[in-house]
Amino acid sequence: QQPSEDSDLAIYKKGIELIDKEKYGAAQQEFSEFIHRNQHAYLNPQRNNLVSNAEFYQAFAAYNLLHSNAQTLFQDFIRKYPTHPRVGESYFYIGTLYFLRKDYDQVLPNLRKSDLSALTREQVTQARFMMGYAYYDAGRTREAQSMFRQIRNDKGQFGEQGAWYYALLSYQNGNYQEAYNAFSKL
């Protein structure tokens, strides 16, 4: 029994290493093998924790590869492990997938369930931009401007785009000085 557990752990660790190296296809294969070999992990709480992590990483790899099953993998993960610490992060990825498909009605419900405190600063900026854009698309300009206001000074693509939309909405709302100040920073 011990050699099998050691080889299973080696598969899991290799999957983690591959995720760290952004080799998502190979990582997905390692996690799939680990999950398959540990189908009855619920009998062992420590092993079950590794399986739940492996299922998260399998979904994460599919997300990064833009595989069509990424959303389903995240939803299955959330359903199976509703108290797992990465559930909020999973909702972020689901919301992002909806955003990429321009299904803005589904962006907000999922991003509202994400745990912003568990995300990186860049992900928080991205989440706020996507929420702002979804509000904007729905004609809810007050909520959109609020989201864009929060990220208008952030660095990176989403901060810059958020600043542009913030300036645009300021202009459309007749706040010309605010719009001028915001546009001049771009």
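Residue indices begin at 1 and follow the sequence shown. The figures here come from the full heavy-atom set of this structure, side chains too, leaving out hydrogens, waters and symmetry mates.
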* Start with the C-alpha gap between L50 and D8, add the side-chain angles, then the distance that decides, and say whether side chain to side chain contact (heavy atoms under 4.5 Å, CB included) holds. => CA-CA 10 Å; L50 290 177; D8 286 354; over 6 Å; no

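Nearest heavy-atom pair, P82 versus V87, reported as atom, atom and distance to 0.1 Å: O-CG2, 3.7 Å. Across every non-hydrogen atom of L186 and A163, the tightest pair is CD2-CB, 3.6 Å. The two residues V107 and G95 have their closest heavy-atom pair at CG2-O, 3.8 Å. Taking each heavy atom of A144 and Y136 in turn, the nearest pair found is CB-N, 3.6 Å.
Contact check for Q123 versus S114: no side-chain heavy atoms found under the 4.5 Å cut-off. Considering only heavy atoms from C-beta on, Y98 stays 4.5 Å or farther from M130 through its side chain. Residues E89 and F56 are in side-chain contact: their nearest non-hydrogen atoms beyond the backbone lie under 4.5 Å apart. At a threshold of 4.5 Å between non-hydrogen side-chain atoms, the residues N153 and K185 count as touching. In this structure, the side chains of F158 and Y133 stay at 4.5 Å or more apart for every pair of heavy atoms. Residues D76 and Q58 fail the side-chain proximity criterion, which asks for heavy atoms closer than 4.5 Å.
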Considering only distance and modelled atom types, tabulate donor-acceptor pairs under 3.5 Å from the side chains of residues 13-24, sequence neighbours left out.
none

Name the atoms and distances for all side-chain donor-acceptor pairs under 3.5 Å in residues 62-69, with sequence neighbours left out.
{"from": "N64", "atom 1": "ND2", "to": "F60", "atom 2": "O", "distance (Å)": "2.9"}

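Identified under the salt bridge (charged side-chain N to carboxylate O under 4.0 Å, His left out) test for residues 113-125, with sequence neighbours left out: R121-D154. For residues 101-111, the set of pairs meeting the side chain to side chain donor-acceptor pair (under 3.5 Å) definition, not counting sequence neighbours, comprises Q71-R101.
The line from CG of L168 to CG of N173 is 9.0 Å long, rounded to the nearest 0.5 Å. In this structure, the separation between CG on L116 and CE on M131 is 7.0 Å, given to the nearest 0.5 Å. The OG atom of S52 sits 11.5 Å away from the CG atom of N38 when rounded to the nearest 0.5 Å. A distance of 8.5 Å separates OH of Y91 from CD of Q75, quoted to the nearest 0.5 Å. To the nearest 0.5 Å, atom CH2 of residue W164 and atom CG of residue L169 are 8.5 Å apart. Atom CZ of F129 is separated from atom CD of Q157 by 8.0 Å, given to the nearest 0.5 angstrom.
Checked against the 6.0 Å centroid criterion, the rings of F77 and H84 qualify as a close aromatic pair.
Grouping the Ile, Leu, Val, Met, Phe, Trp and Tyr side chains by contacts below 4.5 angstrom, directly or via other members, places F34 apart from L73. Linking Ile, Leu, Val, Met, Phe, Trp and Tyr whenever their side-chain heavy atoms come within less than 4.5 Å leaves Y171 and Y180 in two separate clusters.
Residues satisfying the side chain to side chain donor-acceptor pair (under 3.5 Å) criterion with K80, sequence neighbours excluded, are E55. By the ring-ring contact (aromatic ring centres under 6.0 Å, His included) test, Y166 is found to be paired with no residue, residues two or more places apart in sequence or in another chain being considered.
Looking only at distances, a side-chain donor or acceptor of T96 sits under 3.5 Å from a matching main-chain atom of F92. Under the 3.5 Å distance criterion, the side-chain polar atoms of S32 are left unmatched by any main-chain donor or acceptor of Q29. Between the side chain of R128 and the backbone N or O of T125, no donor-acceptor pair lies under 3.5 Å. Side chain of Q145 to main chain of R142: no donor-acceptor pair is present (N/O by atom type, distance under 3.5 Å, no hydrogens or angles).
The aromatic rings of F31 and Y12 lie perpendicular to each other, with more than 60° between the two planes, well past the 30° mark.
In this structure, a donor-acceptor pair under 3.5 Å is present between the side chains of Y57 and R86.
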